[in-house]
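Worksheet for the structure shown next.
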Amino acid sequence: MATNAQYSVAAAIARFMASQGVKRVYTLPGSHVKAICAELARAAIRIVSVRHECSAVHMAHAEAHLTGQLGVAIVTTGPGLTNAVTGLASAYLARTPLLLLSARVPDPQAGMGALEEVPQGDLVRPVCRYVRAISDARHVLPALHMAATTALGSDGPSGPAYLDFDPSLLKQPIAPWHLDPRWFTPAARTPRLPDAHVIERAAHLLRESRRTLVIGGRAARGTGTSLERFLRDYGCVYLDTRESKGALPPDSPYSIPALRGRAIAEADLVVTLGRRLDFELAFGSAAVFSESARFIRIGRSAEELVENRRGDVEISADVGSALLALLACNAAPKTSGLEWRDELVRVNAEKTAKMTASSVAAPSGTDRRMHPYTLIDAINRFVDKDTICIVDGGDILSFARVRLNAHTYLDLGPFGCLGSGVPYGVAASLAFPSRRTIALIGDGAFGFSAMEIETAVRSRARALFVVANNDAWNIERQDQVVKYPGQDLGGDLSACRYDRLAQSLGAYGERVEDVASLDAALERGLANLPAVIDVAIRRDVLSADGKAGLADVPPLHALPAWDEAERLATSGATRPDQ
Ligand SMILES: Cc1ncc(C[n+]2csc(CCOP(=O)(O)OP(=O)(O)O)c2C)c(N)n1
Ligand SMILES: [Mg+2]
């Protein structure tokens, strides 16, 4: 057993990680950081070595999203760090708590033209919650604690934190009096309880409302039974957003995913659960939501509480505590009739049944390939309540959001970061080896990080990767065909065989071209993990996002219909729904 006196800075970092319950770190070798990795390995923390630093950050992201704990990635100086920036930006927008460690050029060489020298802290600062360059052994543990606590969102939104070290510092001894045992207790987010007066004001609004819409955010996950009770007892309908998916089972009775637009336009009270009113929610605009709708916003940070549209009541608290407090004060609506909710639930069920029927009947296209829904329906047959579902891609993401019956879910997130699906799948299956992980990925998205299939093989990550192969960046291609007919703007991809690529990397691979062999191929894949099943799908069907015009990039909103509503409202004309 090492005594405190024998600790190097790198060993103190490893001891800190162990004390935080970190089981794995994701990294790619580099001389500047190897002292940290050596000590982590000595502390029995698993080193998962990847093929691109962005993947390491994506993996830490998936680990954090799925476990609720800090994810950790370690990248080397210079290009190692710049490669990681995209992953950091994705975690930043998704508010995912992760810690990125790096080393920089030795301080005595800084500014002299050292190998791999770039201003690392400056490069990551806009997409991190905490950034610090460490040059002194005294700062190591306080900085690690600040980084972890900030990343977990103790006093603001959760997100990535970044530290880098002078490489020679890592090998220096750290004095015993800098190793106070309190530094080795888990960093935590301070619980935040709601103010009773604010809760009473929110309860008043709930009692007065007749059409309450609850919108899930990141913090809704983990509130399961209180959320279910809240929806049932207070007569609400519920909309999931991608970050809250999994808070309720896909067949939850008050969930109305097929009536998103209608619920948003008609609700007289909107309750947001730790959710930003961002592009996916029309920035909370009074031109899209009802102008007279009241808002109860629940959250821990300004982004969740006041951004874009003030709440009539803003509850600064953990979502779980706020829901419990609201449940305790009987805020059931005064009006006995729940006609609006009942109607939305009924119409949602009818619409969903219709969609299911049409997708089952979805014919093979002129190219004789299968409809994306046919593929998703087949995947659904292998998804149970413990399955972790990952989705990455363009059109295929849109189809999956409508049809995939995921209980635990992670997709490319608000950064729209293609290439995250394979790393997410690897990390999910390492974090939860006894659960099934299925990653559904567009062929374009798969290409960004296809080499991580080798990581999956080497690290024994037992995930199933299903490539939805339409030989195209399809959501972009479809838009190009309409807007720039006859021009080649790069939307087409070659007819690649991703099953063969996977085989060459040591994984199981199979190609599926006809529906009849799909289920058996998925079954064989699941029996031979990690596996890549490359499925030929149609490229001539429009997804919901394609139809909604996501690729139009209108100026005021993400969707053309919202953009138009905003334009009409600001020009003084009446809204189309009035
Ligand atoms: C890193 C990155 N580059 C470019 C884009 C723009 N983009 C959005 S969807 C898409 C097409 C994705 O193609 P694929 O993964 O094959 O899915 P498909 O649309 O064909 O289902 C592209 C290029 C992006 N979101 N992320
Ligand atoms: Mg594609």
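When reading the values below, keep in mind they use all heavy atoms of this one structure, side chains included, and skip hydrogens, waters and symmetry mates. Both counts, for ligands and for their atoms, begin at 1 and track the order of listing. Note that the structure is predicted; figures quoted are calculated from it, not measured.
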Do any N/O atoms on [X] end up under 3.5 angstrom from N/O atoms on ligand 1?
| X | value |
| --- | --- |
| L493 | no |
| G416 | yes |
| F448 | no |

Determine whether the side chain, the backbone, both or neither of [X] has a heavy atom under 4.0 Å from any heavy atom of ligand 1.
| X | result |
| --- | --- |
| F446 | neither |
| N470 | side chain |
| A472 | backbone |

Of all the non-hydrogen atoms in the protein, which one sits nearest to [atom], and at what distance?
| atom | value |
| --- | --- |
| atom 7 (N) of ligand 1 | E476 OE2, 3.3 Å |
| atom 14 (P) of ligand 1 | G444 N, 3.7 Å |
| atom 21 (O) of ligand 1 | I396 N, 3.0 Å |
| atom 15 (O) of ligand 1 | A445 N, 2.9 Å |
| atom 9 (S) of ligand 1 | I475 CG2, 3.4 Å |
| atom 17 (O) of ligand 1 | G394 N, 3.1 Å |
| atom 18 (P) of ligand 1 | D395 N, 3.5 Å |

Which is closest to atom 2 (C) of ligand 1 in terms of heavy atoms, V467, L418, D479?
->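 That would be L418.
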Does any N, O or S atom in N470 come within less than 2.8 Å of the Mg ion (ligand 2)?
-> yes
Backbone or side-chain N/O/S of A472 under 2.8 Å of the Mg ion (ligand 2) =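 For A472, the answer is yes, given that an N, O or S atom comes within less than 2.8 Å of the Mg ion (ligand 2).
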With no hydrogens and no angle check, is any side-chain donor or acceptor of [X] less than 3.5 Å from a backbone partner on [Y]?
| X | Y | answer |
| --- | --- | --- |
| T455 | V50 | no |
| T437 | A463 | no |
| E53 | N83 | no |
| S449 | G419 | yes |
| R436 | F382 | yes |
| E307 | D278 | no |
| T352 | N348 | yes |
| R95 | R218 | no |

For ligand 1, which atoms, with element, lie under 4.0 Å from some heavy atom of G442?
->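 Within the 4.0 Å cut-off of G442, ligand 1 contributes 14 (P), 15 (O), 16 (O), 17 (O).
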Proximity of Y498 and F446 rings by center, below 6.0 Å | yes
Does CZ belonging to F279 count more than 12 external heavy atoms closer than 6.0 Å?
-> yes
Just by distance, with hydrogens left out, do T241 and R275 show a side-chain donor and acceptor under 3.5 Å apart?
-> yes
Closest D443 atom to the Mg ion (ligand 2) [N, O or S only] =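 Looking only at N, O and S atoms of D443, the one nearest the Mg ion (ligand 2) is named OD1.
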